[in-house]
Number of protein chains: 2
Amino acid sequence: METDLLTRLRDRSWRLSPQRRVVAEVLAGEHVHLSAEQVHARARERLPEISRATVYNTLNELVALGEVIEIAPTGGPRRYDPNAHAAHDHLVCDVCHAIRDVPRRGVPRPVVADEDLAGYRVTDVDVVFRGVCPDCAARP
Amino acid sequence: METDLLTRLRDRSWRLSPQRRVVAEVLAGEHVHLSAEQVHARARERLPEISRATVYNTLNELVALGEVIEIAPTGGPRRYDPNAHAAHDHLVCDVCHAIRDVPRRGVPRPVVADEDLAGYRVTDVDVVFRGVCPDCAARP
DNA sequence: TTCCATGCAAAGTGTTTGCAATAAT
DNA sequence: ATTATTGCAAACACTTTGCATGGAA
């Protein structure tokens with residue numbers, strides 16, 4: 001079992017204010033890919049006085065810590081994914097922009113041929129499967 | 001040889017105003033991944049009165065036509081890639097955000113296992129290799 | 001005429017920042 | 001006492017939109 005976001009943060013002795021804890025709690029779970037605004041809205045339900053700036057600051061810190069992944073969709077705001085420690089890809093609905101995590105099974109990662117590297121050193125590969133989710137397929 | 005952007009557009013009988021032609025010309029080439037602002041700046045060198053709005057409108061039309069690909073980096077403005085007809089991946093520098101095209105050689109595309117599809121119908125796969133470009137590796 | 005593309009400026013999103021007040025060490 | 005975090009509002013970066021003008025079909 002994976003340790004969850006909040007546990008990981010405590011283990012890193014990250015100073016845990018009420019605001020930060022609430023942001024971390026809002027992000028916990030599977031297939032969670034909220035925008036900053038959505039995080040703010042949900043955090044407010046638990047802690048009405050939390051500010052937008054603090055949400056943005058906190059999200060940026062979590063990303064810097066490597067505990068949350070930032071996703072930049074083609075349109076719309078950035079999304080935040082707490083599933084930072086299990087390598088996975090994303091399934092994105094082109095219609096409603098829903099996002100699902102896809103585990104990386106044994107499938108080999110794509111690789112760049114040496115002749116195409118142009119001197120780059122590659123540290124990571126992002127894979128996004130784009131398509132249509134079942135809900136959007138159902139109502140055309 | 002690939003037909004270039006401008007030729008493809010003429011073939012589609014896209015109404016070609018001076019503004020649109022200049023935008024298309026600015027985008028022509030290999031490894032071109034300009035932001036809207038950069039397109040505007042370069043278009044202005046040839047056609048000083050072209051407006052930002054027209055550049056944005058034109059870019060959006062080209063994307064809608066499928067003649068240009070839109071790239072959303074994690075930070076910074078969207079980038080526009082005229083290489084829409086040869087399937088390719090991207091090599092992105094995490095430091096300076098330079099982008100290079102990587103041809104898809106015989107390597108198989110990643111696939112989603114049926115059990116992970118969750119009802120999605122997948123139409124496309126985007127692969128981004130993230131890392132550090134030679135220039136940024138040289139000056140740390 | 002009728003329609004569409006353009007320029008301009010304003011408005012709209014989404015995100016960051018400066019700063020004083022507050023809380024933690 | 002010192003340092004870090006917060007809230008607020010303003011600034012900022014990027015993109016879209018409304019509308020009057022002008023050119024093309």
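A, B, ... follow the sequence lines: proteins, then strands. Residue 1 opens every chain.
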Could you list the residues that satisfy side-chain contact (heavy atoms from CB on, under 4.5 Å) with [X], not counting sequence neighbours?
X	answer
B:Ala87	B:Arg104
B:Pro134	A:Tyr120
B:Ser13	none
A:Asp124	B:Arg130

- Item | A:Arg109 atom CZ: more than 12 heavy-atom contacts under 6.0 Å | yes

- Counting only side-chain N and O atoms of B:Tyr56, is one of them less than 4.0 Å from OP1 or OP2 of D:dT15? yes

Once side-chain hydrogen bond (donor to acceptor under 3.5 Å, both in side chains) is applied, do any residues pair with [X], and if so which ones, sequence neighbours excluded?
X	answer
B:Asp101	B:His33, B:Asn83, B:His88, B:His90
A:Arg12	A:Glu67
B:Arg79	none
B:Arg78	B:Glu70

When you compare the protein's N or O atoms with those of nucleotides 3-12 of chain D, which come within less than 3.5 Å of each other, and at what distance?
{"from": "D:dT5", "atom 1": "OP1", "to": "A:Arg20", "atom 2": "NH1", "distance (Å)": "3.3"}
{"from": "D:dT5", "atom 1": "OP1", "to": "A:Arg20", "atom 2": "NH2", "distance (Å)": "2.8"}
{"from": "D:dT6", "atom 1": "OP1", "to": "A:Ser17", "atom 2": "OG", "distance (Å)": "2.4"}
{"from": "D:dT6", "atom 1": "O3'", "to": "A:Gln19", "atom 2": "NE2", "distance (Å)": "2.8"}
{"from": "D:dG7", "atom 1": "OP1", "to": "A:Gln19", "atom 2": "NE2", "distance (Å)": "3.2"}
{"from": "D:dG7", "atom 1": "OP1", "to": "A:Glu49", "atom 2": "O", "distance (Å)": "3.0"}
{"from": "D:dG7", "atom 1": "OP2", "to": "A:Ser51", "atom 2": "N", "distance (Å)": "3.0"}
{"from": "D:dG7", "atom 1": "OP2", "to": "A:Ser51", "atom 2": "OG", "distance (Å)": "3.2"}
{"from": "D:dG7", "atom 1": "OP2", "to": "A:Thr54", "atom 2": "OG1", "distance (Å)": "2.7"}

- Query: How would you list all residue pairs meeting salt bridge (Lys or Arg N to Asp or Glu O under 4.0 Å) that involve residues 53-65 of chain B, not counting sequence neighbours?
  - Reply: B:Arg20-B:Glu61

- Message: Below 4.0 angstrom, which residues in residues 68-82 of chain B have at least one non-hydrogen atom near DNA chain C?
- Response: none

- Query: Going 5' to 3' along DNA chain C, which nucleotides are the first and last within contact of chain A (any atom under 4.0 Å from a heavy atom)?
  - Reply: C:dG14 to C:dT17

